[in-house]
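Some notes on the structure that comes next.
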Amino acid sequence: MIFKNVTRLTWVLKPVLVLSLMLVTLVSHATFDAFDFGGDSQLEKRFWQISETVRCPKCQNQNISGSNAMIAQDMRKKVYQLIMEGKQDDEIYTYLVDRYGDFVMYDPPVKKKTWLLWFGPLFILMGLIAVWYRKCFGGSVNSQSASRDEALTEAEQKRFLKITQDSSGHSTSDEGRKA
Amino acid sequence: MMEEQKKSNKIILLAPFLLFLAMLGVFWYSMGKGGGSSVELPSARLGKPVPAFELTSLLDSETRVTAEDLKGPLLLNVWASWCPGCYTEHGFLMVLQKRGIPIVGLNYKDERQDALAFIEKFKNPYQQIIFDVDGSLGFDLGVYGAPETYFVDSKGTIKHRHVGIMSEALWEAEHGAIWRGLSE
Amino acid sequence: MTAEIGTISLILAWVLSTLQSISVFFAYVKRHGSSERGFHWWSFLNLTSLPVTFSQFLLLSVSFACLVHAFITHDFSLSYVAQNSNSNLPFWSRVSAVWGGHEGSLLLWVWVLTLWAFMVAILGRSLPKTTLTLVLAVLGLVTSGFLSFLLFTSNPFEHIYPYFPIDGNDLNPLLQDFGLIIHPPMLYMGYVGFSVAFAFAITGLIQGRLDVVWARWTLPWTIVAWAFLGCGIALGSWWAYYELGWGGWWFWDPVENASFMPWLSGTALIHSLAVCEKRSAFKVWTLFLAILTFSLSLLGTFLVRSGVLTSVHAFASDPTRGLFILCLLAMSVGGSLLLFANRAHLINNVGKFKWLSRESFLFANNLILTFALFVVLLATLYPLLATALDLGLISVGPPFFNLFFVPTSFFLLALLVMGMSLRWKSNPAMQAVRQWGLRCLIGFSIAMLWIQLSGFGYNWRVILGLGLALSVVVAMFDDVIDKTKHAKNRWDGIRRLKPSYWSMQTCHLGFAVSVIGITWTGLFSTEKDVLLGVGETWQTQGYEFQFNGTQALDGPNYNSVQGRFEVRSPDGALITLLPEKRHYPVRGDVMTEAAIHPGFSRDLYVSLGEEVSPQKWSVRIYIKPFIRWIWAGALIMAIGAAIAISDSRFHFKKIAS
């Protein structure tokens with residue numbers, strides 16, 4: 001239908017399409033610029049590191065290095081400028097946060113509102129260590145109590161072993177295996 | 001001793017369920033608010049003065065505009081000729097202008113000719129238009145996409161921001177009341 | 001017509017599964033009042049559980065086939081087809097588009113569920129009848145819940161009458177790819193597969209008994225589900241890597257985390273089941289993990305489709321759907337956790353052990369995995385929590401996750417070096433320390449040598465990561481030697497080692513291989529944006545990239561600009577790379593197709609930026625050392641899983657009547 005006609009006229013339309021693709025790209029859909037660090041690999045490394053930890057404000061969860069959005073590229077340009085001006089990493093982050101809020105930091109700041117996030121894991125860890133300690137060092141009361149449910153009776157155990165025998169007749173229960 | 005242990009065991013066993021209930025509560029709440037990508041980013045400049053700048057006017061490239069000119073109460077509307085939403089929003093901006101609300105335009109990352117053509121064609125709702133060709137003022141404001149509207153008070157402090165198209169419905173629902181609060 | 005058949009099949013399956021679960025649970029509760037009629041009714045349910053489960057599978061297959069048919073024949077009267085397909089879409093893409101959107105992928109989910117249920121019904125014939133009926137009823141209940149979700153909010157067979165489009169919206173170009181064919185099916189096999197362990201756990205709680213048979217039954221199902229999920233995740237990572245154009249393979253994105261959490265929990269579950277099976281210990285913990293793992297699958301389904309999270313991978317959201325899933329989640333997970341709290345005290349453990357023993361290290365492994373899991377859960381949900389508590393919008397991204405996850409993995413590896421050789425119950429301390437010391441010594445030495453030869457330079461992360469991973473590999477060899485030292489000769493000893501042993505070693509090897517890949521690529525990737533004119537070159541690490549211009553190309557539903565790069569590698573080989581920028585006219589999307597040259601020791605990755613000035617392009621170039629090892633490791637883990645289920649202890653014979 002419409003598309004079939006297009007393909008027939010491609011020798012005319014292709015360059016036009018490509019050109020308009022460029023315009024669309026340039027105007028509203030800028031892609032990444034290549035920046036010049038004058039050969040300083042340290043600066044370049046910092047630039048990449050920062051770009052990969054700053055969030056694009058309007059994207060669906062992308063950093064400014066990986067996004068085509070205009071604002072992402074503008075922020076990247078700004079990061080470049082600030083690095084070349086000699087600013088430190090935390091100054092650059094502060095600059096961006098002052099304008100766009102904590103949202104653009106992929107590494108959440110340690111403020112009162114993120115205490116649960118930063119210190120929660122510590123508490124969980126301590127709790128889990130306590131659980132491990134209790135299990136391995138505190139002789140469990142449970143193991144002594146008569147189990148009222150499931151210890152297999154003699155007959156049931158025999159039956160179970162029969163079920164799990166392989167065709168050669170060897171029992172596959174592996175208590176006998178040296179561990 | 002056994003009783004106590006049984007009790008503490010019961011609590012431990014109940015803990016996952018309780019934690020799960022808490023998590024459900026969080027989900028319920030965020031669904032009510034309409035989460036995810038539809039959420040506007042709150043402005044980081046709320047309560048702060050409009051950042052210092054020095055740019056030219058769109059209509060007359062000789063005229064200089066600075067933050068001093070933005071002592072309100074007024075609306076600062078970020079727009080551009082390449083922004084589709086701005087075309088939709090324009091009609092309502094004219095309505096606001098007719099109601100006597102002062103709107104200053106911030107022409108964001110645009111070509112002067114294209115912006116002027118827009119104004120020619122659709123009329124000018126702004127008492128002044130700042131020509132921010134590389135988006136430097138926009139960046140300092142925390143603009144991340146057009147259209148956006150900033151509510152500035154008489155001292156030049158940013159009181160509120162709306163991201164997206166401004167419409168009659170939204171104005172009635174929320175922003176109109178904020179404006180009235182500003183202009184008193 | 002096919003659409004109607006599709007809907008009717010779903011309705012029938014829904015009726016069947018609902019009836020099945022309600023009648024079984026009701027009858028089970030009542031059977032203790034044992035009347036003659038009650039007994040006959042229960043026998044009836046036992047007899048019909050296999051046919052009922054099979055019918056559900058059949059009906060879902062019919063329904064799924066109808067949807068596939070609708071896509072192949074371009075039936076744009078169905079809104080789902082119109083939204084996700086187009087007359088120019090290539091054939092294979094049309095088929096995979098069936099699960100490219102919410103409704104269809106959900107249908108796939110339920111179909112996989114009925115498939116697993118059917119497999120359990122067939123392979124579980126030697127289980128006690130009551131147990132099997134209960135297990136199938138639990139699976140039937142889950143099926144019923146999801147079918148309700150499908151039928152009431154997300155029916156893929158909905159029509160757009162009376163004016164339906166001549167042509168569809170086209171599938172999102174990102175999804176017009178091989179990855180869509182295998183990634184979701186693999187993932188769903190995994191997510192849904194964990195429902196089997198879940199069903200066994202719930203049944204155990206209902207019956208109030210859990211024995212070693214339970215653990216041995218659940219283990220193979222869990223291993224298979226785990227393997228599928230692992231493959232699904234690895235495939236997703238690989239797909240994102242070559243499709244998204246920015247060289248990343250894992251972003252700790254909420255949707256990625258939603259798939260990773262059940263995998264972490266599943267890994268813990270497998271280890272816990274292994275202890276449960278051999279030593280009759282950790283039963284309550286294992287029960288909890290079985291419930292937790294499937295709950296995380298359900299949670300993942302909720303997160304991805306409800307719209308509460310922001311992600312490139314998320315499905316389009318809808319408040320009604322989100323609410324429905326939330327209710328489903330509340331009832332299923334809430335119900336099971338309540339049942340757990342109520343009945344778990346009936347389960348008792350038997351085995352005792354010392355702190356330096358296999359049990360204790362496996363328990364530590366479980367706890368560490370649980371720790372990692374909860375940190376990922378907390379960090380993924382924290383932005384939601386912050387918004388709910390009016391604390392503002394916060395992002396939690398890779399820096400946070402890596403900070404916790406990397407040391408955790410290191411610790412796991414360190415435990416593994418010693419843990420794989422520990423004895424049950426108790427192990428002599430000196431022997432353990434000696435083994436650990438020797439293995440680490442050799443492992444770290446090899447690591448240092450490798451780092452030296454690579455020329456990348458030292459830092460503590462690469463030393464630790466590589467050292468520990470290699471120590472694990474050394475430990476594997478040492479353990480085989482240790483386990484065969486009492487045999488007549490080495491070969492005889494090796495032949496006697498069971499498949500379960502080899503599967504363990506293989507899976508751990510896979511883990512180590514992935515860690516090695518992650519360490520190298522995470523620390524020493526080269527990334528660069530350059531401006532290149534036609535004929536210009538850029539050099540790094542002995543590679544020379546030359547840009548040789550662009551040409552215009554055509555695809556079935558796109559137009560593209562293709563760049564040409566000739567790369568000369570340090571060993572003299574000449575490689576051609578052809579990255580593209582594609583424009584899809586129907587949706588108006590612009591896609592970057594990166595050009596990748598894969599290799600054993602590195603990937604070369606080039607993508608086009610834009611034409612900054614005539615004949616001068618901005619280009620992004622990556623060199624990623626050992627990145628393929630990450631996915632190779634996942635593949636090795638899957639092979640390990642396959643070896644595991646070949647062990648004859650999982651092959652149950654039918655009980656001679």
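Below, chains carry the letters A, B, ... as their sequence lines are ordered, and counting in each starts from 1.
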Identify which of [options] forms the greatest number of heavy-atom pairs closer than 4.5 Å to chain B.
options: C:S295, C:P383, C:G334; value: C:G334
options: C:S306, C:G322, C:G392, C:A388; value: C:A388
options: C:V333, C:N342, C:L303, C:L292; value: C:V333

| request: Considering only heavy atoms, give the residues of residues 254-261 of chain C separated from chain B by less than 4.5 Å, sorted numerically, with 'none' for an empty result. | output: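 Those residues of residues 254-261 of chain C which would need a heavy atom under 4.5 Å from chain B do not exist here.
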
| message | So which atom in C:T387 and which in B:Y29 form the shortest heavy-atom distance, rounded to 0.1 Å? | response |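 Looking at all heavy atoms of both residues, the shortest contact is O-CE2, 4.3 Å.
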
Any side-chain heavy atom of [X] sitting closer than 4.5 Å to one from [Y]?
X: C:L381; Y: B:F27; result: yes
X: B:P16; Y: C:L337; result: yes
X: B:W28; Y: C:L323; result: yes
X: C:V284; Y: B:L13; result: yes

| message | Tell me if the CD atom of B:E168 is crowded by more than 12 foreign heavy atoms within 6.0 Å. | response |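 Yes, because the 6.0 Å sphere around CD of B:E168 holds more than 12 heavy atoms from other groups.
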
| query | For atom NZ of B:K71, is the number of surrounding heavy atoms from other residues, nucleotides or ligands below 6.0 Å larger than 12? | reply |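 Counting other residues, nucleotides and ligands, NZ of B:K71 exceeds 12 neighbours.
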
| Per-residue contact mode, C:L329 against chain B (heavy atom under 4.5 angstrom) |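 Contact with chain B: backbone and side chain both.
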
| request: Would you mind checking which part of C:L299 comes under 4.5 Å of any heavy atom in chain B, side chain (CB onward), backbone (N, CA, C, O), both or neither? | output: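 It is the side chain, since no backbone atom gets that close.
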
| field | C:F302 CZ to B:M23 CE distance, which is reported to the nearest 0.5 Å | value |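 Here the interatomic distance stands at 9.0 Å.
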
| request: Side chain from CB out, backbone as N, CA, C, O: work out which of these in B:I12 comes under 4.5 Å of a heavy atom of chain C, or both, or neither. | output: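 Contact with chain C involves no heavy atom of B:I12 at all.
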
